[in-house]
Number of protein chains: 2
Amino acid sequence: MDESKIVAALAALAHEHRLRIFRLLVRAGPSGVPAGQIAEHIGISATGMSFHLKELDHAGLVTSTRQGRFVRYAPHVEGMRQLLTYLTEDCCRGQPELCGGIIKKVRAVCK
Amino acid sequence: MDESKIVAALAALAHEHRLRIFRLLVRAGPSGVPAGQIAEHIGISATGMSFHLKELDHAGLVTSTRQGRFVRYAPHVEGMRQLLTYLTEDCCRGQPELCGGIIKKVRAVCK
DNA sequence: CCTATTATTCAAATAATTTTGAAATATGCA
DNA sequence: TGCATATTTCAAAATTATTTGAATAATAGG
């Protein structure tokens, strides 16, 4: 995968509000949450929310669908998957020490 | 783990040069690489290298040890582990779709 | 002590991001 | 159509990050 897209995705998540937005969307699931509702939850203005959602969208981490007057945002599974695959496989080369022990853990369970 | 530390780590990696530096250090292993040698490899000035290495260091992603006139930099295993653990477990809640298929893959191998 | 090498610090300049508030767009409903 | 709601766009201001080059520190070796 294109390294500049990885940088863009990392930058998108590298912000207090945006990381919280993404976390919230993951918890909310694929049906999504209207922008205004996210804004209320996070505690920022509608304008600020649009700005941050645009960043996440451009980075390929969220998707949006209009539903009447609302625009529902949901996590974009493929974008996040690519980021985590890059970080664990390409960047950290699958080393269990670096990869958060996931590989280690699951292997242990398998024994 | 502290969310602001996660944001700092993400921001540290969210830069073309720094992501390449970190990748290079992972490949080089725990013995580390002198700052100047990294700079030569990446193709940036010594001053620029100091700036970026400081960012990575402050974010807890690399460690440094002086060896004579050289300062060797190596990946800081614990910092990266914490970041990836956060992203996969806290943020993405271990959902295989989001987590880069690592969990899925290893489970499949185990069957 | 002197010099060469390696790396960092500093301050100034430049560039990029984020915030703010007003205006605009899109939709639903009376 | 006219009005209310949800969201986005826009431009200006504020903030933060990055680059640049000169100066400074740390060390090895003569």
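In what follows, chains are A, B, ... by sequence order, proteins preceding strands, each numbered from 1.
Minimum atom distance to the side chain of B:F70 is reached by C:dA7, of the listed C:dA7, C:dT18, D:dT5.
For the segment residues 41-67 of chain B, residues with any heavy atom less than 4.0 angstrom from an atom of DNA chain D are, sorted by number, B:T47, B:F51, B:H52, B:R66.
Atom NE2 in A:H17 sits about 15 Å away from atom C1' in D:dT16, given to the nearest Å. Nucleotide D:dA17 holds its P atom 12 Å from the NE2 atom of B:H15, rounded to whole Å. Distance CD (A:E16) to C1' (C:dT17): 15 Å, rounded to an integer number of Å. Atom pair A:R69:CZ and D:dA6:P shows a separation of 6 Å (rounding to whole Å applied).
Sorted by first and then second residue, the side chain to side chain donor-acceptor pair (under 3.5 Å) pairs involving residues 52-63 of chain B (not counting sequence neighbours) are B:R18-B:H52.
Residue B:Y73 has a polar side-chain atom (N or O) positioned under 4.0 Å from OP1 or OP2 of C:dT8.
Between the side chain of B:R66 and the main chain of B:G68, a donor-acceptor pair closer than 3.5 Å is present.
Among the heavy atoms of the strands, none lies under 4.0 Å from A:R72.
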Test salt bridge (charged side-chain N to carboxylate O under 4.0 Å, His left out) applied to A:E89 and A:R93, step by step: CA-CA 4 Å; A:E89 298 186 4; A:R93 319 197 78 184; over 6 Å; no
Test log, rule side-chain contact (heavy atoms from CB on, under 4.5 Å), inputs A:Y86 and B:R23: CA-CA 11 Å; A:Y86 174 88; B:R23 246 175 90 104; 3.1 Å; yes
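Around atom CD of A:E40, no more than 12 heavy atoms belonging to other residues, nucleotides or ligands sit under 6.0 Å away.
B:L56 and B:L24 fall within a single hydrophobic cluster, where Ile, Leu, Val, Met, Phe, Trp and Tyr side chains are chained together by heavy-atom contacts under 4.5 Å.
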